[in-house]
Amino acid sequence: MSVRTAVTAASAASLALLLTACGGAADDAKPKGDNDASASAAAKPDVKALSAAELDKLVVAQADVPGYLVKKTDAADVVNGGDVGADKAACEPLAEAMSSVATGTPGASVQRKAIQAKKKTATSPDDVLGALGAPASAVTLGSYAGEGAQQAFASLKAAGDACGSGFTVSSSGEKTKVTKVTPEAVTAGDEALGFTVVSDMEGQPFVSNLVVFRKGNNLATFSTISVSGKVKELPKDLVDAQAAKLR
């Protein structure tokens with residue numbers, strides 16, 4: 001099985017408010033409470049999504065995480081959101097996030113691959129992954145307009161609550177059975193979620209994990225697997241490094 005197939009199988013298991021108030025002489029005739037409410041609404045900003053070029057400067061990079069090998073995800077490895085689904089509609093946000101697809105409708109998103117390096121002699125990320133079975137995280141950073149990031153995060157939280165007993169994921173024509181989704185404690189950004197995910201890989205349990213956090217109108221997702229079939233812990237140092245760049 002190729003690394004990409006393993007990633008797909010294990011992973012495949014995600015509104016702008018601009019209110020204005022009317023002013024003028026007619027305002028004098030309005031009750032004070034109406035004026036206060038209108039002023040408060042007018043003060044709400046029109047939150048715009050960052051561009052892919054801006055996200056490229058904010059996504060975690062090699063210099064940010066000693067002990068990892070970080071590189072831009074190859075175009076061939078980027079999964080199209082339209083190719084990912086689940087047999088339960090409520091679980092689709094999880095299927096998307098675990099497949100490195102930015103949940104919801106981001107204005108832009110970027111992807112990176114971060115592999116935990118255990119040997120200083122490693123010459124490439126693929127060498128480390130193949131030789132050591134090191135945990136590999138697919139990092140996706142998306143930016144949203146309005147309240148899109150809050151809505152995407154809420155859909156992931158709801159999916160975690162609804163899909164603990166498992167679901168079937170379809171990704172690029174392949175189907176994978178997720179047998180269990182267990183919440184894990186994680187702190188990052190404005191709000192965060194963590195999950196351990198157990199999938200059925202040819203009759204054997206394949207353990208991966210997922211971390212998602214929101215900072216403002218940006219959503220960061222970390223889908224971590226190992227070719228050994230077992231990821232033991234969340235990529236805390238990687239998550240912390242990404243959170244630091246979004247402050």
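Side chains included, hydrogens not; waters and symmetry mates left out as well; all remaining heavy atoms used.
With hydrophobic clusters built from ILVMFWY side chains whose heavy atoms lie under 4.5 angstrom apart, Ile225 shares a cluster with Met201. No continuous path of ILVMFWY side-chain contacts below 4.5 Å connects Val197 to Val207, so the two sit in separate hydrophobic clusters. A single hydrophobic cluster is seen to contain both Val186 and Leu141, as judged by linkage of ILVMFWY side chains at heavy-atom distances under 4.5 Å, directly or through other members. Taking hydrophobic clusters as Ile, Leu, Val, Met, Phe, Trp and Tyr residues chained together by side-chain heavy-atom distances below 4.5 Å, Leu234 does not share a cluster with Val198. Hydrophobic clustering (ILVMFWY, side-chain heavy atoms < 4.5 Å, transitive): Leu193 and Leu210 are in one cluster.
Here the side chain of Ser143 pairs no donor or acceptor atom with the backbone of Ala49 at under 3.5 angstrom. Distance alone, capped at 3.5 Å, places no donor-acceptor pair between the Ser99 side chain and the Val101 backbone. Here the side chain of Asn217 pairs a donor or acceptor atom with the backbone of Tyr144 at under 3.5 angstrom. Between the Asp200 side chain and the Gly203 main chain, a donor and an acceptor come within less than 3.5 Å of each other.
Within the 4.5 Å cutoff, the side chain of Val139 has no heavy atoms near those of the Thr221 side chain. Val65 places a side-chain heavy atom less than 4.5 Å from the side chain of Val70. Here the side chains of Phe222 and Val212 are not in contact, with every heavy-atom distance at 4.5 Å or above. Counting heavy atoms from C-beta on, the side chains of Leu219 and Phe213 never come closer than 4.5 Å. Looking at heavy atoms from C-beta onward, Ser170 lies out of side-chain contact with Val84 at the 4.5 angstrom threshold. Residues Pro235 and Val211 have side chains in contact (heavy-atom distance under 4.5 Å, counting atoms from C-beta outward). Annotation: side chain of Ser100 is not in contact with side chain of Val79 (no heavy-atom distance under 4.5 Å).
Residues passing the side-chain hydrogen bond (donor to acceptor under 3.5 Å, both in side chains) test with Thr179: none are found, sequence neighbours excluded.
When every heavy atom of Ala61 is checked against every heavy atom of Asp64, the shortest pair comes out as N-OD2, 2.8 Å. The heavy-atom pair separating Ala243 from Ala188 by the smallest distance is CB-CB, 4.5 Å. Ala97 and Ser223 get closest at one heavy-atom pair: O-CB, 4.0 Å. Between Lys215 and Leu246 the shortest heavy-atom distance is CG-O, 3.4 Å. Annotation for Ala102 and Ser109: closest pair CB-CB, 3.9 Å, computed over non-hydrogen atoms. For the residue pair Ser226 and Lys230, the shortest heavy atom distance occurs at CB-O, 4.0 Å.
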| side chain to side chain contact (heavy atoms under 4.5 Å, CB included) between Gln62 and Leu69, intermediate numbers included | CA-CA 6 Å; Gln62 180 68 66; Leu69 291 171; 4.1 Å; yes
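Note that SG of Cys163 and CG of Leu156 are 10.5 Å apart. Values are rounded to the nearest 0.5 Å. Considering OG1 of Thr196 and CD of Glu233, their distance stands at 10.5 Å, rounded to 0.5 Å. Here Gln111 contributes atom CD and Thr140 contributes atom OG1; the two are 5.0 Å apart, rounded to the nearest 0.5 Å. The structure places CG of Leu238 at 11.5 Å from CD1 of Ile115, a figure rounded to the nearest 0.5 Å. Between the OG atom of Ser208 and the CZ atom of Phe195 there is a distance of 12.0 Å, given to the nearest 0.5 Å. Between atom CD of residue Gln151 and atom OG1 of residue Thr105 there is a gap of 7.5 Å, rounded to the nearest 0.5 Å.
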Which pairs would a plain distance check flag for residues 52-60, meaning a side-chain donor or acceptor within less than 3.5 Å of a matching protein atom at least two apart in sequence or in another chain?
| from | atom 1 | to | atom 2 | distance (Å) |
| --- | --- | --- | --- | --- |
| Glu54 | OE1 | Ser51 | N | 2.8 |
| Glu54 | OE1 | Ser51 | OG | 3.3 |
| Asp56 | OD1 | Arg112 | NH2 | 2.9 |

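Atom NZ of Lys180 is surrounded by 12 or fewer heavy atoms from other residues, nucleotides or ligands within 6.0 Å. Heavy atoms of other residues, nucleotides or ligands lying less than 6.0 angstrom from NZ of Lys88 number more than 12.
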